[in-house]
Amino acid sequence: MIDHISVGVSDLERSATFYEATLGALGLTRIVTRPRTIGFGKAYPEFWINLREGMPHVPPESGVHICLRAKTTAEVDAFHAAALSVGVSDGSPGIRPHDRVRYYAAFVLDPDGNRIEAVTFPAD
């Protein structure tokens with residue numbers, strides 16, 4: 001249903017470093033590079049970062065986050081580990097049991113405070 005998403009960033013190269021590491025763990029690579037935007041994806045740009053000079057840090061209370069599907073728990077772990085080298089953890093990898101579904105996820109914050117999650121639904 002969703003074709004692509006984008007997030008604003010205050011420093012394009014700093015954020016590119018973060019997203020190359022974290023999205024790379026999920027199989028996405030940098031596909032498009034323009035002066036003020038970079039697109040990541042598998043076959044076409046699905047995730048964009050857009051330069052917004054002077055953008056304030058995204059406050060934690062904004063409630064906004066983006067969740068990306070991982071194939072395995074190992075991909076979620078790799079996503080989180082990659083983020084720790086260039087960003088901040090906002091929830092270590094682990095099982096999140098809920099009423100309707102049991103899933104494995106990790107949450108990270110990019111350098112601007114955008115909350116990004118990787119999730120998979122293990123069979124066992």
Side-chain angles (χ1 to χ4, degrees):
M1 176 177 9
I2 297 172
D3 182 72
H4 65 275
I5 57 173
S6 63
V7 297
V9 300
S10 62
D11 181 318
L12 195 61
E13 286 310 311
R14 177 184 69 182
S15 293
T17 298
F18 172 84
Y19 284 108
E20 284 173 337
T22 55
L23 298 179
L26 302 176
L28 283 77
T29 60
R30 186 193 288 213
I31 294 176
V32 173
T33 301
R34 298 180 185 143
R36 299 180 57 84
T37 190
I38 297 173
F40 298 88
K42 293 180 181 177
Y44 70 95
E46 303 167 60
F47 189 101
W48 292 88
I49 57 174
N50 300 307
L51 181 60
R52 301 290 184 259
E53 288 131 340
M55 182 180 101
H57 196 78
V58 177
E61 64 273 8
S62 74
V64 175
H65 89 278
I66 296 167
C67 183
L68 304 170
R69 184 70 63 94
K71 292 179 185 169
T72 65
T73 58
E75 279 192 0
V76 172
D77 293 344
F79 164 86
H80 188 260
L84 292 181
S85 68
V86 290
V88 177
S89 174
D90 197 38
S92 296
I95 291 291
R96 268 70 174 181
H98 288 276
D99 295 340
R100 295 183 11 236
V101 66
R102 178 180 164 272
Y103 64 97
Y104 188 90
F107 297 83
V108 301
L109 299 176
D110 79 358
D112 290 289
N114 292 301
R115 190 169 195 237
I116 312 296
E117 175 186 6
V119 66
T120 192
F121 298 87
D124 49 75

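In what follows, every heavy atom counts, from backbone to side chain, and hydrogens, waters and symmetry copies are set aside.
- Side-chain contact between D3 and Y44: present, with at least one pair of heavy atoms (C-beta onward) separated by less than 4.5 Å.
- Minimum interatomic distance between A16 and I38 (heavy atoms only, all atoms of both residues): CB-CD1, 3.6 Å.
- Distance CG/L84 to OG/S92: 7.5 Å, rounded to 0.5 Å.
- Hydrophobic clustering of Ile, Leu, Val, Met, Phe, Trp and Tyr side chains at less than 4.5 Å, counting indirect connections, unites Y19 with I2.
- Of all the heavy atoms in A78 and A25, the pair that sits closest is C-CB, 3.6 Å.
- Side chain of T120 to main chain of A70: a donor-acceptor pair is present (N/O by atom type, distance under 3.5 Å, no hydrogens or angles).
- Nearest heavy-atom pair across V119 and C67 is CG1-SG, 3.2 Å.
- In this view, S6 and N50 satisfy the side chain to side chain donor-acceptor pair (under 3.5 Å) rule, not counting sequence neighbours.
- The two residues P111 and R14 make their nearest non-hydrogen contact at CB-NE, 3.3 Å.
- In this structure the side chain of P122 reaches within 4.5 angstrom of the side chain of I95, judged on heavy atoms.
- Here the shortest heavy-atom pairing between E20 and F40 reads CG-CE2, 3.6 Å.
- Few gaps surround CZ on R36; more than 12 heavy atoms of other groups in view lie less than 6.0 Å from it.
- If you chain together hydrophobic residues whose side chains sit under 4.5 Å apart, L68 and W48 never meet in one group.
- Using a 4.5 Å heavy-atom threshold, the side chains of F18 and V9 count as separate.
- One hydrophobic cluster, built from ILVMFWY side chains closer than 4.5 Å, cannot hold both V108 and Y104; they sit in different ones.
- Taking each heavy atom of V76 and P93 in turn, the nearest pair found is CG1-CB, 4.3 Å.
- Cluster partners of V88, using a side-chain heavy-atom cutoff of under 4.5 Å among ILVMFWY residues and allowing indirect links, are L109.
- To the nearest 0.5 Å, atom CZ of residue F79 and atom CD1 of residue I116 are 6.5 Å apart.
- Among residues at least two apart or in separate chains, side chain to side chain donor-acceptor pair (under 3.5 Å) pairs with a member in residues 54-76 are H65-E117.
- Remark: side-chain polar atoms of D112 are not paired, donor with acceptor, to backbone N or O of N114 under 3.5 angstrom.
- Here the straight-line distance linking atom CG of L23 with atom CZ of F47 works out to 5.5 Å at 0.5 Å rounding.
- A distance of 9.5 Å separates CD in E53 from CG in L12, rounded to the nearest 0.5 Å.
- In this structure, the separation between CD1 on I49 and CG on D11 is 9.5 Å, given to the nearest 0.5 Å.
- Residue I66 holds its CD1 atom at 12.0 Å from CZ of R115, rounded to the nearest 0.5 Å.
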